[in-house]
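Scroll down for the structure; my scribbles are underneath it.
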Amino acid sequence: MKRQQRIIETSWARSYARVLYELKVPAEDIEETKNLFAQTSELLEVLTNPTIFIMKKEKIIDRIFPSSIRNFLKVVCRYGKMSRIGEIFDAYDCYCRRQKRILQAELICVEPPDELRLEEIRQFLCRKYKADEAQVEIRKDPGLFGGFVLHVGSDEYDWSLKGRLQRMQEQLTWR
């Protein structure tokens, strides 16, 4: 999970994400749309250019994108949010995971845990957050010295040696 994905989504991005989810656009059409934007930077430039009339932009949308997502993209374009389409898709992915009760977490550690320990962490997360599934992305950080830090949304569980040393230092300096 990237650091930017933990940033709290804006309410408008959540609103667009919910609408996109409720439209029941096939997942493959959404992936195709994401890929089109990722592969063709000029496409986003044209759709966000204020000097190009909205009718011209809608014609481009009709020619390039899957039919199931065209009207959604036209609305995004009309309301001037096309420059934030990446945020909308990120919010959509997050909304889909919430609907499916899939929790996403980031485990920062010196060495990746073995499969048994990783499964214990997933079970802990599912119990704690009442999720059906927990997806854990692992990131290495030798600066922790040992242990690990677990990020889940805005929650942080710091069981690292570095974190323990910092807490001990804070306790000693308060006396």
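Numbers for residues simply follow the sequence, beginning at 1.
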Between Y16 and Y95, is the gap from one ring center to the other below 6.0 Å?
-> no
If you round to the nearest 0.5 Å, how far is [atom2] of [Y] from [atom1] of [X]?
| X | Y | atom1 | atom2 | answer |
| --- | --- | --- | --- | --- |
| L20 | I30 | CG | CD1 | 4.0 Å |
| R164 | M168 | CZ | CE | 9.5 Å |
| D132 | K130 | CG | NZ | 12.5 Å |
| C126 | R101 | SG | CZ | 9.0 Å |
| L107 | R139 | CG | CZ | 10.0 Å |

Candidate list D141, V149, L165, test side chain to side chain contact (heavy atoms under 4.5 Å, CB included), partner S160, passing option = V149
Got T33 and L73 here, is their nearest side-chain heavy-atom distance under 4.5 Å?
-> yes
Hey, does Y157 have a side-chain heavy atom less than 4.5 Å from the side chain of K128?
-> yes
Does [X] belong to the same Ile/Leu/Val/Met/Phe/Trp/Tyr cluster as [Y], with side-chain heavy atoms less than 4.5 Å apart forming each link?
| X | Y | result |
| --- | --- | --- |
| V75 | L36 | yes |
| I85 | Y21 | yes |
| I69 | I54 | no |

Please test Q104 against V136 for side chain to side chain contact (heavy atoms under 4.5 Å, CB included), starting from the C-alpha separation and ending with a verdict.
-> CA-CA 6 Å; Q104 209 170 10; V136 180; over 6 Å; no
Kindly write out the residues that satisfy ring-ring contact (aromatic ring centres under 6.0 Å, His included) with F145, not counting sequence neighbours, or none if the list is empty.
-> none
Qualifying residues under ring-ring contact (aromatic ring centres under 6.0 Å, His included), relative to Y92, sequence neighbours excluded = none
Could you pull out the closest heavy-atom pair between A91 and A17, with the gap in Å?
-> C-CB, 3.5 Å
Nearest non-hydrogen partners of A105 and L150, listed with the distance | CB-CD1, 4.2 Å
Going by the salt bridge (charged side-chain N to carboxylate O under 4.0 Å, His left out) test, which pairs reach into residues 48-63, not counting sequence neighbours?
-> E58-R78, D62-K74
Got a sec, which pairs hit ring-ring contact (aromatic ring centres under 6.0 Å, His included) with one end in residues 55-82, sequence neighbours left out?
-> F37-F65
Between Q135 and I102, does a side chain to side chain contact (heavy atoms under 4.5 Å, CB included) hold up when you go through it step by step?
-> CA-CA 7 Å; Q135 297 174 342; I102 298 172; 3.6 Å; yes
Going by the side-chain hydrogen bond (donor to acceptor under 3.5 Å, both in side chains) test, which pairs reach into residues 39-49, not counting sequence neighbours?
-> N49-T51
Can you tell me if CD on Q99 sees more than 12 non-hydrogen neighbours from other groups inside 6.0 Å?
-> yes
Stepwise, does the side chain to side chain contact (heavy atoms under 4.5 Å, CB included) test hold for E32 with I64?
-> CA-CA 10 Å; E32 182 182 340; I64 297 174; over 6 Å; no
Result block: side-chain N/O donor-acceptor pairs under 3.5 angstrom for residues 108-118, not counting sequence neighbours:
{"from": "D114", "atom 1": "OD1", "to": "L116", "atom 2": "N", "distance (Å)": "3.3"}
{"from": "D114", "atom 1": "OD1", "to": "R117", "atom 2": "N", "distance (Å)": "2.8"}
{"from": "E115", "atom 1": "OE2", "to": "R122", "atom 2": "NH1", "distance (Å)": "3.2"}

